[in-house]
Protein chains: 2
Amino acid sequence: MKKIIFILFVLFSCIIVKGNDGYKLWLEYQKVSAPRLVRQYNEAISGIVVKSQSATLKIAESELRLALERMLDKKISPLNIAAHNAILLGTPESSAEIKTMLSSGNFSLGDEGFVIQSRRINNMTTTVIAANKDIGVLYGVFAFIRLIQTHQPINNLSIINVPKIKNRVLNHWDNLNRSVERGYAGISIWNWHTLPGYIDQRYIDYARANASIGINGTVLTNVNANSQVLTQEYLVKVKALADAFRPYGIKVYLTAKFSAPIELGGIKTADPLNQEVINWWKNKCREIYSLIPDFGGFLVKANSEGQPGPQGYGKTHADGANMFAGALEPYGGIVMWRAFVYDVRVQKEGEHFTEGSGGEHTQTIASGDRFKQAYAEFKPLDGQFKKNVLLQVKNGPIDFQPREPFSPLFGAMPQTPLMMEFQITQEYVGQSTTLAYLAPMFKECLDADTYSKGKGSTVARVIDGTIDGHTVSGIAGVANIGNDRNWTGHLFGQANWYAFGRLAWNYDLSPETIAEEWIRQTFNNNDAFINPVKRIMSASREAVINYMTPLGLNHIMGTSHHYGPAPWVKNAGRADWNPVYYHKADSVGIGFDRTKTGSDALAQYAPEVRQQWSDMNTCDYRYLLWFHHVPWNYKINTGSTLWNELCYRYQSGVDTVRWMQQTWDGLDNLVDKERFQHVRMLLGIQEQEAVWWRNACLLYFQTFSKMPFPPGFEEPYKDLSYYQSLKFPLAPGIGGNL
Amino acid sequence: MKKIIFILFVLFSCIIVKGNDGYKLWLEYQKVSAPRLVRQYNEAISGIVVKSQSATLKIAESELRLALERMLDKKISPLNIAAHNAILLGTPESSAEIKTMLSSGNFSLGDEGFVIQSRRINNMTTTVIAANKDIGVLYGVFAFIRLIQTHQPINNLSIINVPKIKNRVLNHWDNLNRSVERGYAGISIWNWHTLPGYIDQRYIDYARANASIGINGTVLTNVNANSQVLTQEYLVKVKALADAFRPYGIKVYLTAKFSAPIELGGIKTADPLNQEVINWWKNKCREIYSLIPDFGGFLVKANSEGQPGPQGYGKTHADGANMFAGALEPYGGIVMWRAFVYDVRVQKEGEHFTEGSGGEHTQTIASGDRFKQAYAEFKPLDGQFKKNVLLQVKNGPIDFQPREPFSPLFGAMPQTPLMMEFQITQEYVGQSTTLAYLAPMFKECLDADTYSKGKGSTVARVIDGTIDGHTVSGIAGVANIGNDRNWTGHLFGQANWYAFGRLAWNYDLSPETIAEEWIRQTFNNNDAFINPVKRIMSASREAVINYMTPLGLNHIMGTSHHYGPAPWVKNAGRADWNPVYYHKADSVGIGFDRTKTGSDALAQYAPEVRQQWSDMNTCDYRYLLWFHHVPWNYKINTGSTLWNELCYRYQSGVDTVRWMQQTWDGLDNLVDKERFQHVRMLLGIQEQEAVWWRNACLLYFQTFSKMPFPPGFEEPYKDLSYYQSLKFPLAPGIGGNL
């Protein structure tokens with residue numbers, strides 16, 4: 001009979017596994033099958049005790065029940081009194097036992113932290129998941145679920161966990177027509193047309209997924225903003241989403257179009273110091289907060305790539321940000337002001353601005369080195385921002401390239417809370433056809449030492465506020481989420497969403513730890529599967545760097561859609577949109593001299609940082625061409641000439657992708673067919689794209705180096721003109737292309 | 001122990017049912033639970049016998065196995081020899097037994113028909129699913145599966161089933177950038193960017209769903225065509241889809257942009273009689289067929305709404321269609337030439353045409369009555385088309401309105417095979433927020449009598465070729481499919497896809513039969529659920545007609561996006577884009593006089609048809625305002641004055657929606673929560689939209705009738721100016737709005 005049950009289980013499991021389209025993300029909650037674990041978990045869990053009718057605690061209880069019932073394959077009952085082996089959930093407000101427990105210890109949980117503790121209550125063994133606030137309990141529940149998902153012991157637990165950064169936010173570059181700028185996973189999951197009447201199950205599952213990794217805010221709209229979202233008609237829709245997300249601890253934010261008072265208010269100006277304009281935004285905030293009392297605030301892209309801003313009125317970024325901050329202040333809202341600026345066009349007062357496609361129509365040319373612009377523009381404003389303004393700075397000085405040095409702004413503005421902006425969507429990292437695990441990229445930046453207050457002044461400690469004593473802190477990730485059935489286009493894109501959330505909560509986690517967690521939760525706990533997949537993930541980003549932009553190359557992709565290589569482009573609208581501006585290849589060598597003999601951008605860094613990159617002989621080869629124009633035959637510190645090293649890197653990137661293919665192919669029987677095929681086919685495309693990058697870039701650079709490919713190098717099968725002739729007018733992620 | 005198994009089953013079933021997002025369509029294959037049926041089915045089925053390695057027969061076998069294993073919850077084994085209670089699948093080629101059987105009877109199955117017969121073979125009871133060709137076997141398998149899905153007996157079967165129409169085709173109005181014109185279910189499921197390397201599981205499931213209802217062709221691209229799809233780069237992608245669909249009996253077709261020789265070929269003209277142009281298309285067809293040997297052919301929209309065509313070169317539609325037909329002829333391809341024309345602009349030779357958004361830039365005004373234009377243009381060409389041209393005619397003379405009389409072209413061109421074009425996507429029928437079951441609309445048209453060869457000359461018999469003796473026949477449905485998780489936006493949109501396929505196969509099926517089939521397959525076999533849902537579906541289209549366009553009103557929706565009411569619009573680019581052109585409301589009355597005293601469009605019909613509609617006193621009230629300008633206080637044949645009847649109809653439409661809501665709310669416990677909530681929320685939106693239509697239309701028409709609302713009528717809560725002020729710049733389905 002047991003055999004029959006076993007067969008039935010296998011049968012059912014097969015059916016369930018068969019059609020796995022990845023929709024459930026890392027919340028698969030697969031049945032635990034190892035007998036030892038099943039026994040251990042079953043012994044430790046008899047049921048759930050929770051007293052409270054708050055929406056968040058109800059969700060905590062039902063999520064825990066759902067997870068346990070699936071994983072342990074038994075009915076989980078709510079218990080009314082603390083029984084033996086109960087799981088007790090709650091806050092001091094909802095539970096006397098928890099009140100006693102939390103007041104007796106020194107937990108410092110804050111508003112979002114939690115404790116998970118195995119302890120005896122009324123002489124019964126109990127697992128307590130406790131927090132000061134309901135949302136902490138939900139976070140604790142997800143942490144507890146994760147223990148079982150990843151097959152860890154749940155006896156004798158004593159876990160205290162508090163997020164290091166306060167605002168952990170996704171930025172959706174989603175337009176109101178549902179196209180997503182730099183989106184490669186279908187269209188926006190926000191269906192504005194059917195809101196507020198229709199609450200898609202997907203909104204709830206989005207909130208669950210985010211809560212499970214601690215993301216507590218979402219900017220619903222594109223930084224290239226549309227003022228329409230600020231109309232009453234749309235705010236009612238925003239409220240519907242805010243209501244759906246609130247129990248999951250997620251605040252909604254909107255992007256504020258600077259010119260909205262002109263477009264919606266009929267005012268002749270958007271001057272941030274004009275009283276009519278100030279009043280318009282004050283009234284707009286009053287309207288928003290009357291609908292959404294916990295509205296998070298605004299994200300603003302101003303005076304950048306064609307977006308209007310305060311400089312159009314002769315005012316500063318601080319003037320602009322402070323106007324919003326003043327309007328939001330009474331309600332506790334914040335302004336996230338983007339530091340991504342490289343546009344020096346001065347806009348005329350009263351000019352009407354329309355939604356741009358990324359500033360292609362800008363006329364003027366940025367002077368000097370774009371690398372230096374954000375620092376040059378914002379550093380002098382340090383100290384001038386209101387308390388509820390955070391400056392949102394991209395990880396690197398240019399634009400989300402596969403590898404960038406950290407932005408020199410980090411550490412340079414001690415009086416201003418700086419937020420991190422990472423890009424989760426793979427605009428420059430192969431888009432949706434590329435397996436590139438980005439946690440190493442995030443981590444590399446967070447761990448970088450700014451030396452702003454001496455050794456150990458890491459970027460992470462700048463943005464969490466500890467170095468400069470800020471009480472507000474934030475980190476943003478540009479979302480890779482769309483309405484594809486698996487949310488992210490490439491299944492492994494899910495890992496980047498996951499990793500962003502986990503690092504935002506705790507930047508001390510290692511990329512390997514996060515990868516392993518994600519694999520176990522998403523796929524299975526089979527070491528024969530986990531280990532190779534972890535190796536694939538760990539190698540993936542470096543592979544992409546190698547076959548796209550090795551040795552510190554950057555920004556040599558196709559114009560506008562950013563798909564594929566185009567290092568030869570030199571006729572784009574402004575100098576710093578051209579790949580040739582960035583690589584500066586010539587008969588002598590390649591790379592951008594940013595030392596004293598060049599643009600001296602290195603001067604924006606602390607002396608210790610400057611020193612580690614300023615000498616061509618000692619500079620880490622990974623950043624070499626970011627800072628130096630290096631002769632083709634120069635022997636770099638890897639031991640090869642630059643040209644040979646470049647060839648080797650490009651080839652090695654391709655080789656790694658082929659190794660990833662082989663490794664994945666060997667996992668055929670360890671994962672369901674649908675997900676296996678999905679990844680396999682995409683790796684096939686990635687291999688072709690890697691070869692394309694290698695061939696196009698090396699053939700082009702060879703026209704300068706005039707040097708032969710080293711022995712053993714795989715010869716390109718097409719000539720340079722072929723690669724230069726390729727056009728992709730329908731590549732996704734821009735304009736109307738989806 | 002049995003109890004435990006039962007509990008386990010229930011538990012698993014719950015988990016499976018819980019998250020039902022509708023992805024599986026009518027192929028849910030739910031477990032049969034009624035013990036009597038389980039016993040009967042289990043007794044009748046021991047396993048599957050099939051001998052052949054053809055891709056189609058392999059699919060037939062695996063689909064049958066999948067379905068039986070899920071529905072009967074037992075392992076289904078392949079059998080090598082005919083055993084007792086085996087299901088034998090095959091063709092005369094694959095099975096000697098079937099060869100014997102088919103040669104002994106008079107089955108007339110053709111290429112696609114099938115027979116399902118219970119018979120004794122080698123003294124064993126066997127269920128035979130047989131056909132002349134592999135695809136017939138697959139159709140037979142789906143028919144057999146449907147018997148079990150709908151809980152019908154499978155003993156003593158003797159079913160012969162042959163499709164009545166040869167080409168049963170979906171038309172996707174999908175653009176290459178993945179936006180879908182008049183699409184309300186996300187974006188195109190064709191991800192051109194990742195083709196050909198990535199074959200989405202969705203492509204396979206699309207093919208399965210279509211094969212299950214007998215659809216055997218798909219036009220992948222929008223009738224407002226983009227010539228880019230004819231480039232080598234895209235044809236390779238088309239081939240990948242064709243390869244995926246082929247084993248399911250589905251041919252791919254493309255829309256041909258008339259001006260492609262100019263845009264792609266660098267030729268100065270697209271004149272269909274120019275030899276260079278002719279050669280260009282011949283070469284293009286050779287290229288296509290070298291990749292896709294069974295390519296179906298072209299669908300062409302020419303000289304309509306801004307699309308280029310032969311008239312731009314002083315040539316006729318026949319000249320244009322015949323050019324394509326000549327190029328396709330050697331390979332057996334067909335041309336589907338659309339008769340939807342109302343554009344008399346004469347284009348200049350050599351003019352470059354760009355993809356239009358629906359002809360908004362057309363300058364000239366159609367003269368006379370647009371109702372008459374297709375007939376006037378095409379009837380004189382009868383007899384001039386090559387054999388492989390089908391003229392694709394919309395069901396009604398205008399444009400997919402909630403109710404139209406049948407197009408007068410049906411029956412009027414005996415020498416030309418006419419294809420039906422239905423619209424499955426709900427452009428004018430409430431889009432994705434409206435439950436409107438369209439089978440009654442399709443059926444109403446198919447059953448209409450043209451009297452072209454005397455009584456009984458129904459539209460169905462015109463298009464199936466029997467009346468005029470054509471061997472080629474076709475029917476097209478404009479697809480409502482997008483990348484939403486449930487494919488069609490509104491779950492009940494699935495029923496329209498299903499119904500189109502079923503009627504295309506056999507137009508004798510009743511809408512009620514089809515609805516019941518669909519409900520049983522999609523939801524469950526519980527009468528307490530089936531009957532009310534069937535009532536909802538049966539009432540739904542008439543409800544929409546009532547609250548939108550009762551009594552023969554038509555084309556009074558919002559301009560361009562067609563969302564919501566706008567009967568007041570009178571300033572659109574050309575006369576016949578204006579609602580006022582169609583309803584002609586004035587102080588006297590309302591409606592379009594198409595009798596002899598008016599445009600005399602009725603003269604385009606056979607005398608018997610003309611007679612049934614030409615007298616205001618006897619004309620069916622459902623078509624009244626299509627043909628008559630009726631005074632407000634005229635007592636129509638329902639017994640009320642026109643004004644009161646109009647008010648009554650509008651109110652009754654709203655009332656029916658509210659009844660639908662109540663009825664659905666009562667089904668709470670009979671369907672999974674996700675689908676229950678989905679429909680419930682959308683019905684809530686539909687109710688608001690119904691009230692909006694009623695109020696806006698009646699308030700506006702009241703400005704002409706000057707008559708009060710009858711007693712008991714629910715008073716509008718807003719005034720007319722409010723409704724007139726509503727704007728929907730982001731409504732989906734047009735331009736970049738998704």
Side-chain angles (χ1 to χ4, degrees), chain A residues 1-2 4-5 7-9 11-12 15-16 18-19 21 23-24 66 69-70 73-75 175-179 184 186-188 191-194 197-202 205 226 228 234 431-433 483-485 489 563 674 677-678 681-682 684-685 688 728-732 735-738, chain B residues 1-2 4-5 7-9 11-12 15-16 18-19 21 23-24 66 69-70 73-75 175-179 184 186-188 191-194 197-202 205 226 228 234 431-433 483-485 489 563 674 677-678 681-682 684-685 688 728-732 735-738:
Chain A
M1 213 55 185
K2 278 195 178 163
I4 294 178
I5 298 181
I7 290 168
L8 288 171
F9 273 137
L11 188 71
F12 267 110
I15 291 173
I16 294 167
K18 192 158 196 164
D21 57 24
Y23 178 79
K24 290 186 183 166
L66 173 78
E69 290 189 344
R70 289 197 191 174
D73 189 33
K74 67 172 184 182
K75 183 109 187 88
N175 298 313
L176 297 185
N177 70 356
R178 297 191 72 185
S179 66
Y184 311 100
I187 54 175
S188 175
N191 187 339
W192 294 104
H193 184 66
T194 58
Y198 186 74
I199 302 298
D200 197 321
Q201 175 63 32
R202 194 149 201 159
D205 291 328
N226 183 335
Q228 188 97 12
Y234 273 79
Q431 304 181 1
S432 69
T433 47
N483 80 331
D484 270 3
R485 273 171 69 71
Y563 175 66
E674 184 168 352
Q677 285 295 344
H678 167 90
M681 290 187 283
L682 290 176
I685 295 175
Q688 291 173 348
F728 302 92
L730 291 157
N737 296 348
L738 308 165
Chain B
M1 213 55 184
K2 278 195 178 166
I4 294 178
I5 298 182
I7 291 169
L8 288 174
F9 274 136
L11 188 70
F12 267 111
I15 291 173
I16 294 166
K18 193 158 196 163
D21 56 24
Y23 178 79
K24 290 186 184 166
L66 173 79
E69 290 190 344
R70 288 197 193 174
D73 189 34
K74 68 170 182 182
K75 183 111 186 85
N175 298 313
L176 296 185
N177 70 357
R178 296 191 74 185
S179 66
Y184 311 101
I187 55 176
S188 174
N191 187 339
W192 295 103
H193 184 65
T194 58
Y198 186 74
I199 301 299
D200 197 322
Q201 177 61 33
R202 194 149 202 159
D205 290 329
N226 183 335
Q228 187 95 14
Y234 273 78
Q431 305 181 359
S432 70
T433 47
N483 80 332
D484 270 3
R485 273 173 68 71
Y563 175 65
E674 185 168 351
Q677 285 294 344
H678 167 89
M681 289 187 283
L682 291 176
I685 294 175
Q688 291 173 348
F728 302 93
L730 291 158
N737 296 347
L738 310 164

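Source: prediction; values computed, not measured. By convention in this document, chain letters (A, B, ...) are assigned in the order of the sequence lines, proteins followed by strands, and residues within each chain are numbered from 1.
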Using atom types as modelled and distance alone, determine if a side-chain donor or acceptor of B:Asn175 lies under 3.5 Å from a backbone N or O of B:Asn177.
no
May I have the step-by-step check of side-chain hydrogen bond (donor to acceptor under 3.5 Å, both in side chains) for A:Tyr23 and A:Asp205, ending in yes or no?
CA-CA 9 Å; A:Tyr23 178 79; A:Asp205 291 328; 2.7 Å; yes
Rounded distance [0.5 Å steps], CZ in B:Arg202 versus CG in B:Asn483
6.0 Å
Under a 4.5 Å heavy-atom cutoff, which of A:Asn737, A:Asp200, A:Asn191 has the most pairs with chain B?
A:Asn737
Sort A:Tyr184 into side chain, backbone, both or neither according to what part of it lies under 4.5 angstrom from a heavy atom of chain B.
neither
Between A:Gly684, A:Pro729, A:Gly186, A:Pro732, which residue shows the highest count of heavy-atom pairs closer than 4.5 Å to chain B?
A:Pro732
Chain B contact via A:Gln688 - which portion, at a heavy-atom distance below 4.5 Å:
neither
Rounded at 0.5 Å granularity, tell me how far NE2 in B:His193 sits from CG in A:Leu730.
10.5 Å
Between B:Ile685 and chain A, which part of the residue has a heavy atom less than 4.5 Å away: side chain, backbone, both or neither?
side chain
Proximity breakdown for B:Thr433 and chain A, heavy-atom pairs closer than 4.5 Å
side chain
Distance col, row B:Leu176:CG vs B:Gln228:CD, nearest 0.5 angstrom, shows 6.5 Å
Only pairs of heavy atoms separated by less than 4.5 Å count here; which of A:Gly489, A:Gly197, A:Ser179 has the most with chain B?
A:Gly197
How are the rings of B:His678 and A:Tyr198 set to each other: parallel, tilted or perpendicular (split at 30° and 60°)?
perpendicular
